[in-house]
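See below for the structure under consideration.
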Amino acid sequence: MKLFDVQKILEAEVLCGDDLLHKDVHNWFACDLINEMLLYVTPDTLLLTSLTNIHIVHTAQVMDAIGVVFVGGKRPAESVITNSKLYNIPLLTTKHLTFECCGRLFLNNLHDPTVVKDATNAYR
Amino acid sequence: MPTDNLQFTPHIKLEFKINEKDFFVAGESASRVKKTLQQLGLHQDIIKKVAIIIYEAAMNVAIHGNHGMLRIYIDPESILVETDDEGDGIPDIELAMQEGYSTATHEIREMGFGAGMGLFNIDQCSDELHIDSKVGTGTKLQAKVYLRKKDSISDP
Ligand SMILES: Nc1ncnc2c1ncn2[C@@H]1O[C@H](COP(=O)(O)OP(=O)(O)OP(=O)(O)O)[C@@H](O)[C@H]1O
Ligand SMILES: [Mg+2]
């Protein structure tokens, strides 16, 4: 599944990175805790979150996430979008809440068995 | 294994200053170091562990430690992440290490931090961890990640 499929499925608006929507999403992770993202996000994961501060962009960059979807109609400040452009991380926003987004993506077969499910295996 | 080349890895020291409430340096230093480690051809699992340690440790200095320094030492055997701060110190390190223990404010929590997972994550990601803290003086954290499995088994 590609980012523009995600955009369609979630009826999302693209805030930046429209030239990167052809990229393949390998995993997805929905969460509002930075520590958990650090643990579970593998390269090319799409993040779903309601956090809109700059840390989300830093985390996405550090963990090689493929993009970020802000749920519940949340929008980051302009400075966050500017930073994200620098890092080439697409940002999207959707009016749907986390559960709805996950349900839609799951039904559309984005579920990937390689997502780390067991916290004890996350580190090693 | 890319780690086979490590005898050729130069000794490198990277240094970052962390000012109070400087929440940017954690992400920036983690990505800078990550790039360096990628250029050295290190395994991505090692890079991920080091990035997590840097991010969490630098965030702790910015949030709890007033201000301080972040240093990363890369040598052929290991990577050492060290923070040194002049904050209030940690009165009970064992308690602070526990998953879920946090003294973070509501403001910090709203930013997506303060779950009390930082030190626990650092511990999980490192092969050696030393925390030295004096109440009223500051905290020094040293977390080491081995690049090669040690010949002798030092783990209990
Ligand atoms: N450098 C430091 N100086 C003083 N106190 C610290 C320092 N690092 C950690 N602590 C204390 O230890 C507690 C636990 O730290 P830990 O990193 O595990 O969680 P946190 O920073 O509160 O939240 P999180 O890391 O999940 O965002 C902190 O809430 C704080 O009280
Ligand atoms: Mg912390």
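Below, chain A is the first sequence line, B the second, and so on; all start at residue 1.
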**Prompt:** How about B/K21: does its NZ atom have over 12 heavy atoms from other parts shown lying under 6.0 Å from it?
**Reply:** no
**Request:** Side chain from CB out, backbone as N, CA, C, O: work out which of these in A/I34 comes under 4.5 Å of a heavy atom of chain B, or both, or neither.
**Result:** both
**Message:** Please tell me whether B/Y73 and B/L70 are part of a single hydrophobic cluster in this structure, the criterion being side-chain heavy atoms less than 4.5 Å apart.
**Reply:** no
**Request:** Might you confirm whether atom CG of B/D88 has over 12 heavy atoms from other residues, nucleotides or ligands at distances under 6.0 Å?
**Result:** no
**Closest non-hydrogen atom pair between B/A51 and A/V62, with its separation** = CB-CG1, 3.8 Å
**Asked** Within a radius of less than 6.0 Å around CD of B/E107, do more than 12 heavy atoms belonging to other residues, nucleotides or ligands occur?
**Response** no
**Asked** Can A/V68 be reached from A/L20 by stepping across I, L, V, M, F, W or Y side chains whose heavy atoms are under 4.5 Å apart?
**Response** no
**Asked** Among A/V57, A/L33, A/T49, which residue forms the greatest number of heavy-atom pairs with chain B at distances under 4.5 Å?
**Response** A/L33
**Request:** State yes or no: do A/I9 and A/L46 share one hydrophobic cluster built from I, L, V, M, F, W and Y residues joined by side-chain heavy-atom distances below 4.5 Å, directly or via other members?
**Result:** yes
**Prompt:** Which value, rounded to the nearest 0.5 Å, describes the distance between A/D64 atom CG and B/K34 atom NZ?
**Reply:** 3.0 Å
**Request:** Could you look at B/F23 and say if it's the side chain, the backbone, both or neither that has a heavy atom under 4.5 Å from chain A?
**Result:** both
**Message:** For the aromatic rings, using the six-membered ring if either is Trp, is the centroid distance between B/Y55 and A/H58 under 6.0 Å?
**Reply:** no
**Shared hydrophobic cluster, B/L119 / B/L80 (ILVMFWY, side-chain heavy atoms < 4.5 Å)** = no
**Request:** Determine whether A/I66 and A/F106 fall in the same hydrophobic cluster, where Ile, Leu, Val, Met, Phe, Trp and Tyr are linked whenever their side-chain heavy atoms lie under 4.5 Å apart.
**Result:** yes
**Asked** Is there a donor-acceptor pair closer than 3.5 Å between any side-chain N or O of B/K48 and the backbone N or O of A/T42?
**Response** no
**Residue A/T52 versus chain B: region with a heavy atom under 4.5 Å** = neither
**Message:** Please classify the contact of A/M63 with chain B as side chain, backbone, both or neither, using a heavy-atom distance under 4.5 Å.
**Reply:** both
**Geometric class of the A/H55/B/F24 ring pair [parallel <30°, tilted 30-60°, perpendicular >60°]** = tilted
**Message:** Let me confirm one number: the CD1-CE distance from B/I52 to A/M37, rounded to the nearest 0.5 Å.
**Reply:** 13.0 Å
**Message:** Report which part of A/L38 has an atom under 4.5 Å of a heavy atom belonging to chain B: side chain, backbone, both, or neither.
**Reply:** both
**Item:** chain B contact via A/N35 - which portion, at a heavy-atom distance below 4.5 Å
**Value:** both
